[in-house]
K.L.:
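Quick one: the structure is below, questions incoming.
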Amino acid sequence: MTEDADRTPTAPEQAPAATPSGAPAAGPAPGGPHAAQRDAGPRANPPVLIGSAALIAAVALWAILAPTQAGVVIGAIVTWTSQNLGWYYIVTAGVVVAFVLVLALSRMGTIKLGPDHARPQFNLFTWTAMLFAAGIGIDLMFFSVSEPISQYYEPPTGGGENIEAARQAIVWTLFHYGPVGWAMYALMGAAFAYFAYRRNMPLSIRSLLHPLLGRRMDGWAGHTVDIAAVLGTVFGIATSLGIGVVQLNYGLYVMFGIPEGVGAQIGLIVLSVLMATMSTVSGVEKGIRRLSELNVILALALLVYIAVTGNTRRILEGLVMNIGDFLSRFPGMLLNTFAWEQPDTWSSSWTLFFWAWWIAWAPFVGLFLARISRGRSLRQFVLGVLVVPFLFIALFISVFGNSALELVIGGDDAFGKAAMATPERAFYDLLAQYPGATLLIGLATLTGLLFYVTSADSGALVLANFTSVIADPKEDGSTTLRVFWSVLTGLLTLAMLLVGGITTLQGATLVIGVPFSVVLYLVMISLWRALRSEAQQADSFRATLVARPGAAEQSWRSRLRRSMSYPQRGATKRYLERTVAPALEAVAHEMREGGAEVAVERQELAGHPVPSLVLRVLLPGVDDFSYQVYPVAHPMPSFAFRVAPEDDDYYRLEVFTATGSRGYDVFGYSSEHLITDVLDLYESHLEYLRVSAGGSDAGTAATATTDWQEDFPALEPDDEDPEPAR
């Protein structure tokens with residue numbers, strides 16, 4: 001502690017948040033403006049829940065009661081959409097890819113998806129396993145064999161059944177499962193994580209559009225956006241579940257002789273609902289996380305077995321060639337609308353369907369990715385989502401696709417034609433060509449079932465969140481809602497299968513993707529405005545550096561004592577009371593004299609023996625200014641000298657603003673030094689408000705939090721303080 005700090009008079013015992021008249025200072029309650037809502041916990045959002053559920057139930061009942069009529073209507077809408085809006089889907093895909101790359105590669109990429117001090121919750125393997133298993137389900141097993149064969153026989157242009165068609169067949173499959181779809185996931189995931197964990201807003205679609213539409217999102221505009229997200233999510237999941245049902249049905253037929261048909265498929269849907277309910281109720285940590293990790297391990301086991309027991313040389317050479325072909329051809333494929341050839345049937349069955357499918361899944365997977373990505377930078381998140389899953393996908397498709405094409409080119413035309421006619425059988429028919437086929441098919445069925453369940457349980461969790469009011473982004477929708485959405489999604493899957501099987505599910509997805517694609521554009525505009533405000537804040541901080549007078553000078557002895565001090569709770573509390581509280585009150589008093597509305601709050605922290613002090617300047621209609629001195633506990637280092645054994649912890653008094661810790665410790669600062677630091681940050685905030693027109697780009701006024709216990713909990717339960725502050 002410095003000599004100036006020692007001479008600072010002792011502060012009164014009560015919380016230093018009183019006005020000069022003695023009345024409590026006005027200001028937000030501790031924990032931020034959503035604290036009361038957080039205490040109430042998640043609750044259903046009736047307009048969104050009832051509206052979306054009614055529409056989905058109506059479509060499902062219509063399909064079940066009048067399947068022929070439903071099939072004709074859906075087919076007509078699909079034809080019109082593919083002929084008139086195909087170009088729109090292609091443009092949207094290109095715009096999203098360009099947008100997320102700009103975010104990742106620009107200086108905005110350094111922005112954290114959470115407070116500045118946040119660290120990732122999951123390690124890299126667990127994180128990628130969860131995002132992969134949620135973003136790609138059993139449909140990868142379905143299309144990794146059936147699509148290369150279909151593209152080999154019937155490419156969009158030119159003749160099929162030749163070597164060039166074989167090379168292009170793998171490239172088209174990689175294109176449809178590659179960076180375009182994952183860019184859509186990255187866009188929604190980054191937006192969810194940014195607004196929830198950095199701007200402290202509810203984890204919902206409407207939060208993403210708040211900077212763009214403001215308070216209008218609190219009414220029916222917000223309800224409409226949320227309903228569109230729910231509809232897209234349900235139809236996207238139903239498509240994957242429908243594909244999974246027919247493929248698993250065939251696998252069970254091969255293994256146990258269970259006949260293919262509606263009866264077995266209903267049984268599989270019921271099984272998936274039960275397993276998904278059990279998994280999603282157990283939460284992300286226990287259920288979804290463990291199933292996702294097991295998914296990836298089993299899929300890798302299948303890959304290795306096929307690569308080793310098959311034509312290993314051709315598989316490895318094919319993998320390298322496929323990646324090279326994809327990288328060289330991707331730019332031209334991205335915006336290829338086939339304006340002269342116009343293969344409408346091919347486009348609606350493949351590229352347009354896949355883009356609509358990815359769009360429909362984007363809010364679902366995006367929200368799930370946000371839930372597991374707090375603490376990562378925007379650059380880490382985008383590049384991780386674009387690159388890591390695609391590497392696995394490229395390996396999976398190349399190994400299985402080239403193995404299937406080798407059979408067809410080698411003369412097994414019956415296998416190829418069967419794969420085109422009944423694509424749900426293609427993966428199993430390929431495995432039947434290898435040694436130990438029975439074991440392989442059993443392993444594939446288990447892997448497919450787990451992919452199936454992880455898609456269903458992640459979907460139920462996210463749909464419960466979409467149809468709930470959740471102020472705290474760390475919480476999820478109720479168990480009852482998760483069960484409800486598991487059942488309703490299963491009902492829609494069954495209905496679409498009754499109408500016309502997988503083809504109808506694909507068509508419905510193509511149609512439902514159109515309205516939500518508009519939301520993608522709104523999200524891009526909104527996120528850009530919010531991130532631009534972050535850049536303006538950084539510019540404001542740098543712009544005010546020149547005008548700062550600097551901290552009060554200290555002697556070298558004082559500086560050395562400060563660097564060698566490891567204050568424990570008693571010393572930390574005394575410093576807060578004697579130096580920090582009077583310094584913040586002095587600033588607050590001068591600001592009140594100038595007409596500002598200022599509060600100085602003392603916040604007791606659960607499990608912490610040391611309180612936090614916050615100076616908050618309330619600024620109507622724009623982002624408030626907050627300067628918080630927060631006790632961050634650390635284990636006492638072994639190199640600490642002359643420290644009395646009061647306890648095993650010491651404290652850094654770190655400065656926090658709305659975006660988290662600034663990363664430096666103010667323990668031992670003199671009063672003048674502290675006041676200078678407060679004014680430095682306040683001037684930076686005013687400069688930010690000036691250059692950003694009042695902070696309107698962020699659109700998140702009054703959402704700052706001062707509760708950081710999730711990131712900085714007390715290390716150990718403390719006994720009664722042996723040396724209370726005096």
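By convention here, the first residue in the shown sequence is residue 1.
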K.L.:
How close do T110 and S377 get, counting heavy atoms only, and between which atoms?
P.N.:
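Minimum heavy-atom contact is O-CB, 4.2 Å.
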K.L.:
Assess the residue pair T467 and D226 against the criterion (side-chain contact (heavy atoms from CB on, under 4.5 Å)); give the C-alpha distance rounded to whole Å, side-chain angles, the decisive distance to 0.1 Å, and a yes or no.
P.N.:
CA-CA 8 Å; T467 52; D226 284 342; over 6 Å; no
K.L.:
Given 3.5 Å as the limit, does a donor-acceptor pair link the side chain of R379 with the main chain of S106, or not?
P.N.:
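Yes.
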K.L.:
About how many Å separate CG of L584 and CG of L674, when rounded to the nearest 0.5 Å?
P.N.:
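It comes to 7.0 Å.
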K.L.:
As an exercise, state the distance from OG1 of T233 to CH2 of W485, rounded to the nearest 0.5 Å.
P.N.:
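T233 atom OG1 to W485 atom CH2 measures 9.5 Å (nearest 0.5 Å).
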K.L.:
Quick one: do the S661 and W708 side chains pair a donor with an acceptor below 3.5 Å?
P.N.:
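Checked: S661/W708 side chains show no N/O donor-acceptor pair below 3.5 Å.
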K.L.:
Hey, does the side chain of Y575 reach the backbone of V666 with a donor-acceptor pair shorter than 3.5 angstrom?
P.N.:
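Yes.
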K.L.:
Are Q709 and S612 close enough that some pair of their side-chain heavy atoms sits under 4.5 Å apart?
P.N.:
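No; the side chains remain at least 4.5 Å from each other.
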K.L.:
State, without any angle test, whether R206 and H223 hold a side-chain donor-acceptor pair at a distance under 3.5 Å.
P.N.:
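Present: a donor and an acceptor within the cut-off.
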K.L.:
Of all the heavy-atom pairs spanning A581 and L613, show the shortest one and how long it is.
P.N.:
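Answer, listing the atom of A581 first, then L613: N-CD1, 3.7 Å.
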K.L.:
Check E604 against R602 and note the closest heavy-atom contact, atom names and distance.
P.N.:
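So the minimum-distance heavy-atom pair works out to OE2-NE, 2.8 Å.
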K.L.:
Any ion pair linking R574 and E577 (charged N to carboxylate O, less than 4.0 Å)?
P.N.:
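Not counted as a salt bridge, because no side-chain N and carboxylate O are separated by less than 4.0 Å.
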K.L.:
Side-chain contact, heavy-atom cut-off 4.5 Å: E534 with M108?
P.N.:
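Side chain of E534 against side chain of M108, heavy atoms only: no contact under 4.5 Å found.
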K.L.:
Considering only NZ, NE, NH1 and NH2 on the basic side and carboxylate oxygens on the acidic side, decide whether R616 and E601 come within less than 4.0 Å.
P.N.:
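Salt bridge flag = yes for E601 with R616.
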K.L.:
Strictly distance-based, threshold 3.5 Å: is any side-chain N or O of K112 a donor or acceptor partner for the main-chain N or O of R376?
P.N.:
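No; zero donor-acceptor contacts below 3.5 Å.
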K.L.:
Sequence neighbours excluded, which residues qualify as ring pair (Phe, Tyr, Trp, His ring centres under 6.0 Å) partners of F712?
P.N.:
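Ring pair (Phe, Tyr, Trp, His ring centres under 6.0 Å) check on F712 returns H117, F656.
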K.L.:
Is there a side-chain contact between F99 and W528 (heavy atoms, below 4.5 Å)?
P.N.:
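Answer yes - side chains close enough.
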K.L.:
Looking at Y197 and R371, what are the two nearest heavy atoms and their distance?
P.N.:
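Residues Y197 and R371, closest heavy atoms: OH-CA, 3.5 Å.
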K.L.:
Please lay out, stage by stage, how Q121 and I372 fare under the test side-chain contact (heavy atoms from CB on, under 4.5 Å).
P.N.:
CA-CA 7 Å; Q121 180 182 3; I372 63 175; 6.0 Å; no
K.L.:
Taking C-beta and beyond as the side chain, do L378 and L103 meet within less than 4.5 Å on heavy atoms?
P.N.:
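They are in side-chain contact.
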K.L.:
Rounded to the nearest 0.5 Å, what's the gap from CG on L113 to OH on Y194? Could you check?
P.N.:
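With rounding to 0.5 Å, CG (L113) is 9.5 Å from OH (Y194).
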K.L.:
Taking R198 first and then D116, would you say they form a salt bridge - that is, a charged N and a carboxylate O separated by under 4.0 Å?
P.N.:
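Between D116 and R198 there is a salt bridge, with a charged N closer than 4.0 Å to a carboxylate O.
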K.L.:
Ignoring hydrogens and angles, state whether a donor on the side chain of T657 or Q628 is under 3.5 Å from an acceptor on the partner side chain.
P.N.:
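On atom types as modelled, these side chains do not qualify, holding no pair under 3.5 Å.
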K.L.:
When rounded to the nearest 0.5 angstrom, what is the spacing between CG in L531 and OG in S533?
P.N.:
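L531 atom CG to S533 atom OG measures 7.5 Å (nearest 0.5 Å).
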K.L.:
With side chains defined as the heavy atoms from C-beta onward, is the minimum distance between T572 and Y650 less than 4.5 Å?
P.N.:
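Answer no - side chains too far apart.
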K.L.:
Are the side chains of F192 and S373 in touch, meaning some heavy atoms are under 4.5 Å apart?
P.N.:
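SC-SC contact between F192 and S373 ruled out.
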K.L.:
Calculate, to the nearest 0.5 Å, the distance between atoms CG and OH belonging to D680 and Y627 respectively.
P.N.:
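Rounded to the nearest 0.5 Å, the CG-OH separation comes out at 9.0 Å.
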K.L.:
Do you know the tightest heavy-atom contact between L209 and V523?
P.N.:
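Heavy-atom minimum between the residues: CD2-N, 3.7 Å.
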K.L.:
To the nearest 0.5 Å, what is the distance between CZ (R529) and CZ (R532)?
P.N.:
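Going from CZ on R529 over to CZ on R532, the span is 6.5 Å.
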K.L.:
My understanding is that only residues two or more places apart in sequence, or in another chain, count here; which of them pass ring pair (Phe, Tyr, Trp, His ring centres under 6.0 Å) with F625?
P.N.:
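Only Y682, H685 meet the ring pair (Phe, Tyr, Trp, His ring centres under 6.0 Å) criterion with F625.
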K.L.:
Could you walk me through whether D711 and R374 pass the salt bridge (charged side-chain N to carboxylate O under 4.0 Å, His left out) test, one step at a time?
P.N.:
CA-CA 11 Å; D711 300 305; R374 182 181 185 271; 2.7 Å; yes
K.L.:
Would you say the side chain of Y669 lies within less than 4.5 Å of the side chain of L653, judging by non-hydrogen atoms?
P.N.:
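Answer no - side chains too far apart.
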K.L.:
How far apart are the C-alpha atoms of V230 and V48, what are their side-chain angles, what is the distance that settles it, and do they pass the side-chain contact (heavy atoms from CB on, under 4.5 Å) test?
P.N.:
CA-CA 8 Å; V230 171; V48 178; 4.3 Å; yes
K.L.:
If you define the side chain from C-beta out and look only at heavy atoms, does anything of V655 sit under 4.5 Å from L681?
P.N.:
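V655 vs L681: side chains touch.
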K.L.:
Show your reasoning for whether side-chain contact (heavy atoms from CB on, under 4.5 Å) applies to N45 and S468.
P.N.:
CA-CA 5 Å; N45 187 351; S468 298; 5.7 Å; no
K.L.:
Which atom names give the shortest non-hydrogen contact between G477 and N465, and what distance separates them?
P.N.:
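Shortest heavy-atom separation between G477 and N465 comes out as N-OD1, 2.6 Å.
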K.L.:
Looking only at side chains, do Y651 and D665 share a donor and an acceptor under 3.5 Å apart?
P.N.:
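Their side chains do not contain a donor-acceptor pair, so the 3.5 Å distance test is not met.
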